[in-house]
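Proteins come first, then strands; the chains are lettered A, B, ... in the order of their sequence lines, and each starts at number 1. Everything quoted here is computed from the prediction, not taken from an experiment.
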2 protein chains.
Amino acid sequence: MANAYHHGDLRQQAQHHALAVLHEHGDAALSLRALAKQLGVTTPALYRHFRNRDSLLAALATDGFQRLRQALLAVPGGHPRDILIGIGLAYIGFAQAHPNLYRLMFGGQRLPAGQHPELDAAGLAAFAVLEDATAAGQRSGYLGDTPLNTLTAAAWALVHGFAQLSIDGHLPPPEQAPHLARAISALLIDGTRAPAPTQNNNSNNL
Amino acid sequence: MANAYHHGDLRQQAQHHALAVLHEHGDAALSLRALAKQLGVTTPALYRHFRNRDSLLAALATDGFQRLRQALLAVPGGHPRDILIGIGLAYIGFAQAHPNLYRLMFGGQRLPAGQHPELDAAGLAAFAVLEDATAAGQRSGYLGDTPLNTLTAAAWALVHGFAQLSIDGHLPPPEQAPHLARAISALLIDGTRAPAPTQNNNSNNL
DNA sequence: GCGCAATGTTAACCCTGTTAACTTTGCCGG
DNA sequence: CCGGCAAAGTTAACAGGGTTAACATTGCGC
């Protein structure tokens, strides 16, 4: 259904090369004309596979969310604290490994919600991993009884903000401050952690 | 020195109109040609006042950082907890009030550090307010002995991430969840807060 | 084998940012 | 008071971008 007719499946090749350009030079450097030339094809040919330039970018971002989801799912199990910190580090690590892709995924305004259903679905699926981990941490009793929405928003905001600041050069680079990401993740954990029931008499945990 | 010659001070008028367009339609919609036409001037005239388009955007972003700094400085004094939460809310509120400006300020890659010294300085000045508040909270004994760099990074990451997610529609809008920003700020505070010495002496953190 | 739909091409339109060369304006020193 | 000089603006043009309409080609299914 989406396979080779004349030149081989152009859509997949275009997306592949576009991802390479995006990764190395950022989305602003991604030109349909240059891309078509690189693929040995005329520019309007791309319009048979993507409605417009934003549609191509949306496809790249969708793929990015799916890869982000896989990265988060790959975090090994264990103690809730380790899982939560592991997910935070995996999230931040993904952004640091693919800064331009991450910027596109959260570019805001460029790929508005509602216009690219697959993109929205992929984003939600990635978010769900984070939410599930938070919910599990809460079920296990490790996290306090803060509403799940609030917990998840705080966790997401922290890792997303850290990722964004890091890849934009507003924070010391990871090789210079290797423990920073872990430290800030731990800070939020210790804030959301329920007080130890043995030492403290507020035993109203659920 | 930068005043009226022919048309009145074009630079200031251009910046003013550009800010309006940015605020309403985002930076992608800001065209030098359209801007010049709106000002009753030809396009290259703008190049007498801005080296190029990015230079105009940098001027807008610089002004944004200065306004953000003022917003943070306007937070009233009081208990360290109230100051810290107040700054967080002011930061988030600024982003929500000027989403397109905020996106430009933290657009990443478009306005790379080092190319616009005034912009870098304004950004640092705004950041310094946040850092000072954190340091003051630590000096007062309200915050724990986490390294200041880590504390500030966590606070900045949280509010920046929340702001970004909020203005991109990834979180419930403020009128729908009015307490969310305060709640997540409090979460991080409670994590960074030093254990109360009177009630609890679990000084063995790991 | 014919036709149809998918795919790709050609030519063109309109919008960008940007620069070079030229013209106008107002101030400043002799 | 006036000549020149620098600032400010204009005209014309270039290069490149996304996008579309009209046309050509290919290959599969009836």
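- Rounding to whole angstrom units, CG of residue A:Leu35 and C1' of D:dG17 are separated by 14 Å.
- A heavy atom lying under 4.0 Å from DNA chain C marks none of the residues of residues 20-29 of chain B.
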task: Would you sort out whether A:Leu101 and A:Arg67 count as a side chain to side chain contact (heavy atoms under 4.5 Å, CB included), showing the intermediate values?
output: CA-CA 11 Å; A:Leu101 175 58; A:Arg67 302 226 308 262; 4.1 Å; yes
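- Ion pairing of B:Arg139 with B:Asp132 is absent here, as no side-chain N (NZ or NE/NH1/NH2) approaches a carboxylate O to less than 4.0 Å.
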Pairs of donor and acceptor atoms involving the side chains of residues 34-43 of chain A, under 3.5 Å and at least two apart or interchain, shall be tabulated with distances.
none

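- With hydrogens and angles disregarded, no donor-acceptor distance shorter than 3.5 Å links the side chain of A:Asp120 to the backbone of A:Ala113.
- Set against D:dG18, D:dG9, C:dT9, the side chain of A:Arg33 has D:dG18 as its closest nucleotide.
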query: Going through the checks in order, is the side chain to side chain contact (heavy atoms under 4.5 Å, CB included) test met by A:Arg81 and A:Asp190?
result: CA-CA 9 Å; A:Arg81 181 188 185 87; A:Asp190 292 335; 2.9 Å; yes
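- Across the protein-nucleic acid pair, B:Gln13 atom CD and D:dA8 atom C1' stand 14 Å apart, rounded to whole Å.
- Between B:Gln138 and B:Thr146, the shortest heavy-atom contact is NE2-O, 2.6 Å.
- For DNA chain C, the residues of residues 45-54 of chain B within the heavy-atom distance limit of 4.0 Å (strictly under) are B:Tyr47, B:Arg48, B:Asn52, B:Arg53, sorted by number.
- Taking the six-membered ring for Trp and the full ring otherwise, the centers of A:Phe94 and A:Phe65 sit at least 6.0 Å from each other.
- Taking B:Phe127 as the reference, B:Trp156 meet the ring-ring contact (aromatic ring centres under 6.0 Å, His included) condition, with sequence neighbours excluded.
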Donor-acceptor pairs under 3.5 angstrom involving side-chain atoms of residues 44-56 of chain B: please list them, not counting sequence neighbours.
from    : atom 1 : to      : atom 2 : distance (Å)
B:Asn52 : OD1    : B:Asp54 : N      : 3.3
B:Asn52 : OD1    : B:Ser55 : N      : 3.0
B:Arg53 : NE     : B:Leu30 : O      : 3.0
B:Arg53 : NH2    : B:Asp27 : O      : 2.7
B:Arg53 : NH2    : B:Leu30 : O      : 2.8

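- When the nearest nucleotides of DNA chain D are assigned to A:Pro44 and A:Ser31 by heavy-atom distance, the more 5′-ward of the two goes with A:Ser31.
- Note on A:Leu30: only backbone sugar-phosphate atoms sit closer than 4.0 angstrom, heavy atoms only; bases stay farther off.
- What separates NZ of A:Lys37 from P of D:dA15 is a distance of 13 Å, to the nearest Å.
- Rounding to the nearest 0.5 Å gives a distance of 8.5 Å between CG of A:Leu187 and CG of A:Leu158.
- Between A:His170 and A:Phe162, the distance separating the two ring centers is not shorter than 6.0 angstrom.
- Between the CG atom of A:Leu10 and the C1' atom of C:dT9 there is a distance of 13 Å, rounded to whole Å.
- Among the heavy atoms of the strands lying under 4.0 Å from B:Thr42 is at least one base atom, whether or not backbone atoms are also near.
- Taking the screw axis at each terminus of the helix from C:dG1-D:dC30 to C:dG30-D:dC1 from five consecutive base pairs, the angle between the two is 0° to within rounding of 10 degrees.
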